[in-house]
Amino acid sequence: MTCSGADAVATGHYARTSLEDEEVFQQKRIKRPEGLFRDRFEVRNAVKLLQAADSFKDQTFFLSQVSQDALRRTLFPLGGLTKDFVKKIAAENRLHHVLQKKESMGICFVGKRNFENFILQYLQPRPGKFISIEDNRVLGTHKGWFLYTLGQRARIGGLREPWYVVEKDGTKGDVFVAPRTDHPALYRDLLRTSRVHWIAEEPPAALVRDKMMECHFRFRHQMALVPCVLTLNQDGTVWVTAVKAVRALAPGQFAVFYKGDECLGSGKILRLGPSAYILQKGKSKSRVSTEGPSDGPGSGPGLGPTL
């Protein structure tokens, strides 16, 4: 860190690193080499970002884009403590404002304001239609596709049963919805990220050697880690194949990767594979085609979308 000429910065994030506090002050300032495949001799002592002792409060998700230079000059005093123990320390030292402070959830700068009204202060409404993913039936209208994220409930006027956002067409302004919170249109097992920011080793040796690597990922803070397989592309992007389809993946979110306690880094989700619903339709159409009386073996067209 170079801010104010300080040797290190202490932060209240719940996270840890592979360096002891004393080591932070003892290390020499060596500029880390740039590039996709860095000289591994130069970076063999890279600092790892580790999950906090309090798994519920762990904030490595938000630190997954931190640079190596910044990480090696950062102290995390709360990393080995639970939130309850921190509150106990605050109480013993009469820091009542810490005890009374509510947990920060959601988009903190929006506060308690209505999210739709907040966004429409900055963006012009772009009316569009809510369309059923199953039969293309128009169910209602909305003020803008950008007001919705995949997986959220769409409150559609006149309908009592819940419908959930599964696709968005930014060109036409349509929002496609499905009934039930567990509809297969909400589930996918494949995504592609932007070039991944790897924290300690870029890219990990196992991924370079085998072009594939098993690990875990999450795309929302506090969600359970999902087992996956990464496939490395030449441009530094990765394909992420989840062992089991996950709900409500959305472009623009970050896929954050973990190996044990270590947070490896992250990449922005750019593209999604087909939903479980599309894959089911494809299998159904293929089966009908191949079983038809006038069709020869293997003549069905299938539906497998390409990415």
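Nothing fancy with the numbering, it's 1 onward along the sequence.
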Peer 1: Please examine the side chains of L191 and R271, heavy atoms only from C-beta on, and report whether any two atoms are closer than 4.5 Å.
Peer 2: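 A side-chain contact under 4.5 Å is absent here.
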Peer 1: Are more than 12 heavy atoms from other residues, nucleotides or ligands located less than 6.0 Å from atom CD of E214?
Peer 2: no
Peer 1: For residues 144-151, run the donor-acceptor check on the side chains, cut-off 3.5 Å, and write out each pair with its distance to 0.1 Å, sequence neighbours left out.
Peer 2:
none

Peer 1: Of the non-hydrogen atoms in P251 and L272, which two are nearest, and what is the gap between them?
Peer 2: CD-CD1, 3.6 Å
Peer 1: With sequence neighbours excluded, tell me which residues meet ring-ring contact (aromatic ring centres under 6.0 Å, His included) with H13.
Peer 2: none
Peer 1: Within this structure, what is the NZ-CD distance for the pair K259 and E201, rounded to the nearest 0.5 Å?
Peer 2: 11.5 Å
Peer 1: Treat each ILVMFWY residue as a node, draw an edge where side-chain heavy atoms are under 4.5 Å apart, and state whether F130 and L120 are in one component.
Peer 2: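 Yes; L120 is reachable from F130 via cluster members.
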Peer 1: Does atom CZ (R153) have a neighbourhood of more than 12 heavy atoms from anything else shown, all under 6.0 Å?
Peer 2: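 Above 12, so yes.
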Peer 1: Indicate the atoms forming the closest heavy-atom contact of L71 with V47, along with that distance.
Peer 2: CD2-O, 3.7 Å
Peer 1: Is the backbone N or O of K268 less than 3.5 Å from a side-chain atom of S194, with the two atoms forming a donor-acceptor pair by type?
Peer 2: yes
Peer 1: Please find the pair of heavy atoms, one from R247 and one from F219, that lie closest to each other, and give the distance.
Peer 2: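 What the structure gives for the nearest pair is O-CZ, 3.3 Å.
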Peer 1: Taking all heavy atoms of Q65 and all of S266, pick out the closest pair and write down the distance.
Peer 2: NE2-OG, 2.9 Å
Peer 1: Contact between V240 and C228 at the side-chain level, heavy atoms closer than 4.5 Å - yes or no?
Peer 2: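 The answer is yes; the side chains approach within 4.5 Å.
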Peer 1: According to the ring pair (Phe, Tyr, Trp, His ring centres under 6.0 Å) rule, which pairs have a member within residues 149-181, sequence neighbours left out?
Peer 2: none
Peer 1: If we ignore hydrogens and angles and just use 3.5 Å, is the side chain of D169 paired with the main-chain N or O of D174 as donor and acceptor?
Peer 2: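 No, the answer is negative, given that no donor and acceptor are paired below the 3.5 Å cut-off.
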Peer 1: Can you check whether R137's main-chain N or O pairs, donor with acceptor, with D135's side chain at less than 3.5 Å?
Peer 2: yes
Peer 1: Say whether L50 and L78 are linked into one hydrophobic cluster, either directly or through other cluster members, by side-chain heavy-atom distances under 4.5 angstrom.
Peer 2: no
Peer 1: Do L19 and L63 sit in the same hydrophobic cluster, where Ile, Leu, Val, Met, Phe, Trp and Tyr count as joined when their side-chain heavy atoms come under 4.5 Å apart?
Peer 2: yes
Peer 1: Backbone N or O of L95 within a donor-acceptor pair of the N93 side chain at under 3.5 Å?
Peer 2: no
Peer 1: Are side-chain heavy atoms of K211 and T231 found at a separation under 4.5 Å?
Peer 2: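 Answer no - side chains too far apart.
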Peer 1: Decide side chain to side chain contact (heavy atoms under 4.5 Å, CB included) for R192 and N233; before the verdict, give the C-alpha distance in whole Å, the side-chain angles of both, and the deciding distance to 0.1 Å.
Peer 2: CA-CA 10 Å; R192 184 171 183 165; N233 301 311; 3.4 Å; yes
Peer 1: Any side-chain heavy atom of F217 sitting closer than 4.5 Å to one from T193?
Peer 2: no
Peer 1: Transitive ILVMFWY cluster of V229 at side-chain heavy atoms under 4.5 Å: who else is in it?
Peer 2: M212
Peer 1: Would F56 and K83 satisfy side chain to side chain contact (heavy atoms under 4.5 Å, CB included), going step by step from the backbone distance to the final call?
Peer 2: CA-CA 9 Å; F56 182 74; K83 185 63 179 285; over 6 Å; no
Peer 1: Let me confirm one number: the CZ-CG distance from R73 to D7, rounded to the nearest 0.5 Å.
Peer 2: 6.5 Å
Peer 1: Could you report the tightest heavy-atom contact between G267 and F257, atom names first, then the distance?
Peer 2: N-CE1, 4.2 Å
Peer 1: Can you tell me if R188 uses its side chain to pair, donor with acceptor, with the backbone of G273 under 3.5 Å?
Peer 2: yes
Peer 1: When you look at S67 and D69, which way does the side-chain hydrogen bond (donor to acceptor under 3.5 Å, both in side chains) test go after all the steps?
Peer 2: CA-CA 5 Å; S67 71; D69 291 338; 5.4 Å; no
Peer 1: Is the shortest side-chain heavy-atom distance between P179 and E134 below 4.5 Å?
Peer 2: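 Answer yes - side chains close enough.
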Peer 1: State, with a plain yes or no, whether a side-chain heavy atom of Y187 is found less than 4.5 Å away from one of D182.
Peer 2: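 Yes, their side chains come closer than 4.5 Å.
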Peer 1: Would you tell me whether T60 and D58 have side-chain atoms, one donor and one acceptor, within less than 3.5 Å of each other?
Peer 2: yes
Peer 1: Quick check: closest heavy atoms across P203 and L232, and the distance to 0.1 Å?
Peer 2: CG-CD2, 4.2 Å
Peer 1: When you measure from the side chain of Q253 to the backbone N and O of I269, does any donor-acceptor pair fall under 3.5 Å?
Peer 2: no
Peer 1: From Q59 CD over to D54 CG, what is the distance, rounded to the nearest 0.5 angstrom?
Peer 2: 10.0 Å
Peer 1: Find out whether P162 and T181 are in side-chain contact, i.e. whether some heavy atom of one side chain is under 4.5 Å from a heavy atom of the other.
Peer 2: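 Not touching, per the 4.5 Å side-chain cut-off.
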Peer 1: Restricting to ring-ring contact (aromatic ring centres under 6.0 Å, His included), what partner residues turn up for F85, sequence neighbours left out?
Peer 2: none
Peer 1: Is a side-chain donor or acceptor of H197 paired with a backbone partner of V66 at a separation under 3.5 angstrom?
Peer 2: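 Side chain of H197 to backbone of V66, a donor-acceptor pair under 3.5 Å: yes, one is there.
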Peer 1: If you measure from NZ on K129 to CG on L139, what distance do you get to the nearest 0.5 Å?
Peer 2: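 Those atoms lie 11.5 Å apart.
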Peer 1: In terms of side-chain geometry, is the basic nitrogen of K172 or E167 positioned less than 4.0 Å from the acidic oxygen of its partner?
Peer 2: no
Peer 1: Counting only heavy atoms from other residues, nucleotides and ligands, does the tally under 6.0 Å from CD of Q124 exceed 12?
Peer 2: no
Peer 1: To the nearest 0.5 Å, tell me how far H221 NE2 sits from F62 CZ.
Peer 2: 4.5 Å
Peer 1: Under 3.5 Å, is there a donor on one side chain and an acceptor on the other for T82 and D84?
Peer 2: no
Peer 1: Before you tell me yes or no, could you show the steps for Q68 and I199 under side chain to side chain contact (heavy atoms under 4.5 Å, CB included), namely the whole-Å CA-CA distance, both residues' side-chain angles and the distance that decides it to 0.1 Å?
Peer 2: CA-CA 6 Å; Q68 181 69 193; I199 295 173; 4.1 Å; yes
Peer 1: Would the distance check show the side chain of R218 and the main-chain N or O of M223 forming a donor-acceptor pair, the cut-off being under 3.5 Å?
Peer 2: yes
Peer 1: Is there a path of hydrophobic side-chain contacts, each under 4.5 Å between heavy atoms of I/L/V/M/F/W/Y residues, joining L270 to V196?
Peer 2: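 No, separate clusters.
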Peer 1: Starting from F254, can I reach L190 by hopping between I/L/V/M/F/W/Y residues whose side chains sit under 4.5 Å apart?
Peer 2: no
Peer 1: Kindly write out the residues that satisfy side chain to side chain contact (heavy atoms under 4.5 Å, CB included) with A10, not counting sequence neighbours, or none if the list is empty.
Peer 2: L75, P77
Peer 1: Is a side-chain donor or acceptor of H216 paired with a backbone partner of A224 at a separation under 3.5 angstrom?
Peer 2: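 Side chain of H216 to backbone of A224: no pair is present.
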Peer 1: Would you check if R16 and F76 make a side-chain contact, meaning some heavy-atom pair closer than 4.5 Å?
Peer 2: no
